[in-house]
Every structure is written in C-alpha cells, then in structure tokens.
Number of protein chains: 2
Amino acid sequence: MRISELSDRSGVALATIKYYLREGLLHQGEQVAATRAVYDDSHLRRLRLIRALLEIGRLPVAAIKQVIDAVEDESLPVHQMLGTAQYALGPAVEPEPSDDWQAARAEADRLIDERGWTIAPDAPTRNELAQTLLTLRRLGMPTDLSRYAETAGGLAAAELESLRLDGPRESAVEAVVLGTVLYGRAFDALRRLAHESESARRLAGEDQPPAAG
Amino acid sequence: MRISELSDRSGVALATIKYYLREGLLHQGEQVAATRAVYDDSHLRRLRLIRALLEIGRLPVAAIKQVIDAVEDESLPVHQMLGTAQYALGPAVEPEPSDDWQAARAEADRLIDERGWTIAPDAPTRNELAQTLLTLRRLGMPTDLSRYAETAGGLAAAELESLRLDGPRESAVEAVVLGTVLYGRAFDALRRLAHESESARRLAGEDQPPAAG
DNA sequence: GGTGCTGGATAGCGCTATTATCCACGGATG
DNA sequence: CATCCGTGGATAATAGCGCTATCCAGCACC
C-alpha cells in the first residue's frame, strides 16, 4: 500500500506518519521508484505499537525510539533487547548524592535480593524504586513494600506464562512491552477503583447524622 | 518565613512558587504588609504535595489544581472531596461512539459489580478501564482481568487500613492521593522488575549453547 | 501530457511548565 | 532621613514536545 492508504487504515495522519519515519519510529517503506514507496502490514503493526505506547503508555517519543532501536538491532540477544525495551518504559531517575538516597537504594536492592530476582545490577528500575522509597520516607509514609513485591511477582509470572518469547523479535517485544504498559494501566485503574470503593465503605454515612436505630 | 526562605527550604525556584501562587496551587501567604507576606509550614507541606504529584505522579498542573480545589472547598463532604481528588489522578478518557466501546464499558462495569465494589456510576475511572480493555481486545491480548481486580482490591484494602481519613481534610487528601500515586509507582516499578527477572529466567542460556552436564 | 500523489526538507503551531524581566514600593538598616 | 534589597504583582519570554502545514520537484498513472 502507499502512504496515504497506510494513513487511512491506521487512522494516523499522513503528516504524522512522515514524522515517525523521520524520527525512525517507523521503518521506511520499500522504495519501489524514486518517488514511490510501498508499505505493508508490518508498518500497520508498528503504528499500532507506537500509538499504544504513546496513548496508553504515555511514553515520550524518545523512549519509544529506544524501544524500536532495541527491536531493530539484530545483533542484540533477545533477553537484552527485552531489557533495553523495558528500561525505556520507566522514567529515567538519576541518583541524588546523599546518604538518604544510598539507604533507599540499598533497601531497593534488598527487596530485590530477598526474592531471588535476577536483575541487572545497573538496571535503571532499581533507581526508580529507590527514588520512590525515598519520597515515601521523606513524607513519613510506610515503606514496607514486601507485600507489593510478592504481589507484583505473582502477577508478572502469570503474565509471562501466556507469552511466547521465542517467536520473531518484534512479536516478543510487542508482547512484553504492550503487556507491561497495558496491564499496568489496567491494574492501576483497578487499584484506584478499589480505593474509591474502600474509602466509600469507610466513610459511609459520615456526612449525614447516623440513621436512627 | 518569607518567600525566599520558602524557596530555599523547599528547593522550588522562587519564580516557580510565584507561578504556583498565581495558578492557585499554593495558597497565599499571610499578607503582613502591603509588600510583605509570611508563609508557614502549611506552604512547605503543600509544595511537597505539588512536587510529588508533579514529579512522581506526572500529573499535569491542571489536574493538581483540581485536587487542590477539592481540598479547599470546605462545603464538600470528605468522601466527595476524596473522589474528586482521585478522579484527577487518572487520565481523562472520553468514550468512543462504537459498539466495541460499549461492550468494553459493559465488561468494565461487570468487573466492578462482580466484586460488589461501591463506585459512582459516572466515575471516570470506569471509562479508563473500558478504554484499556478495548485496546487489549483490539491487539488480541487476553482481557480477563479478574485476577488483577482481586489483587488490586487486596492491596487497596491494606493501604487504607493504615490510613486515618477522619483527620483534617488536607491530611486525608494528602494521604489518599499521595498513597495512590506513590504506591502505584512503587508497584509498577516492582512489576517491571519482576518481569525482567521472569523473562531472564525463561531466556536463560538461550544465546549461549547450554552448559555441558 | 497533464495531474495528483509522493518523498523530502523546513518552518510553524499549540500546549505546558517554567523562568525571566520589569516595576514600584516599603520595611529594615545605617 | 536616605537608601537599598527583597517583595508582590504583572507580563513576556523560553524550552521542549508532538505534531501539522507548507513548499517543492518529480514521476507514475490515467
């Protein structure tokens, strides 16, 4: 198909597709003549990936580019590609040079080690977790995340259960990355709903005088 | 304290504080003279709330304003204030006018009803959940979220367990909103870590020939 | 043989969060 | 009493991001 058809079928504006091509998010079409190129299903698929990461995952375009680059670097072993892609899903957090921060980072590491998880020592997610722990502590909120870690472990295992990582690279990344982002958002929404319900239960009848009886 | 001290102690640039004052995120200081006002711990506290929502929660300033407005509207019953604040935490999602969307929304409602959760019929989070379900379906991914819902319910209950909602308004909102945002981010990071570990386990040794033995 | 779509390049836009600049004033300080 | 720094208040400028619009030359296709 030509670019205009790709635009129609994907629902993405033509100018935007050109932009994605420029930015390297979308691979070039097959150049069939000097002023003509054809696109195929892989482009449609890629556009779906991009839009999902953008709209549901709210990832900045630069982060999506990192994911794409990992996919397209054929020399990268699969697990490393997945790691790189995954790292792009979280915000970049740089360590503060303070003792507080060191302690938080240590706690994050401990949380990981206690579960026997296999995580790269330089995984940026460690810092992300540390930063969150630090903020919690500074605000005087409870920082025991063991239960969260257990729960997260359970969910992650179940998610990967149904996933085949041994297919083509692009499929594997799509599955992992989209799964992370989409189920992440779903869970977050559910958690907020549960919160609403729970606090409704606790505050029931608080604003009216209690019913007689 | 004066505004410059507030800036120093909070780490927020003076011009930014002025901006927050203009936007109504930060309440005015006590006007002690025509060109002099004093700020106190409540301002420091508020700044911490704002920064946490902004940096950890990645909420747009407009959404933070909604939270603040809910806090400051004394006529709002507590549970309604919490609801309003909570709704600002999720992205606004407007329904597509399609059958697919209707179905997704129905599924979201069912997921909620099945658990006997008490959720306002017009809670925007319902749409957020529906949208996510729709995207999952369109991408051909599994859409059974019962387990997620169960898990989320458990976590939410535990979180509210340790929270007192009967204190001053600002504390209640802070607790709920910061809890939602911070523990949400923590859980998300943990989930990604668990993912990394799990896929490392599954792909172990895939790129090297398996060790002898 | 026109003409409509294409690739390619560059410029502009709309929004958000912030930062900078300017101004007049008045309280603290000497 | 002079002065001068920090202040409140207003407005303008900035930076980054995700597009979107414009222009152009060329060729495939009718």
What's the closest nucleotide to the side chain of [X] if the choices are [options]?
X       : options               : answer
B:Ala33 : D:dG9, D:dG8, C:dG27  : C:dG27
A:Thr35 : D:dG26, D:dG8, D:dC19 : D:dG26
B:Ala15 : D:dA28, D:dT7, C:dA20 : C:dA20
A:Tyr19 : D:dG18, C:dT6, D:dG8  : D:dG18
A:Arg36 : D:dT20, D:dT7, D:dC29 : D:dC29

Looking at [X] and [Y], would you say the former's side chain and the latter's main chain have a donor-acceptor pair under 3.5 Å?
X        : Y        : result
B:Arg2   : B:Val38  : no
A:Arg46  : A:Leu25  : yes
B:Ser197 : A:Thr118 : yes
B:Ser10  : B:Leu44  : no

Quiz item: When all nucleic acid strands are considered with a 4.0 Å heavy-atom cut-off, which category describes B:Arg2: base, sugar-phosphate, or nothing?
Solution: sugar-phosphate
Quiz item: Between atom CG of B:Leu59 and atom CD1 of B:Ile50, what is the distance when rounded to the nearest 0.5 Å?
Solution: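 Answer for the CG-CD1 pair, B:Leu59 versus B:Ile50, is 11.5 Å.
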Practice problem: Identify, with sequence neighbours excluded, every residue that meets ring-ring contact (aromatic ring centres under 6.0 Å, His included) alongside A:Tyr87. | Solution: none
Exercise. Would you jot down, in residue-number order, the residues of residues 51-63 of chain B having a non-hydrogen atom under 4.0 Å from DNA chain D?
Key: none
Quiz prompt | Length of the CD-P vector between B:Gln31 and C:dG26, whole Å | solution =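 Between P of C:dG26 and CD of B:Gln31: 12 Å.
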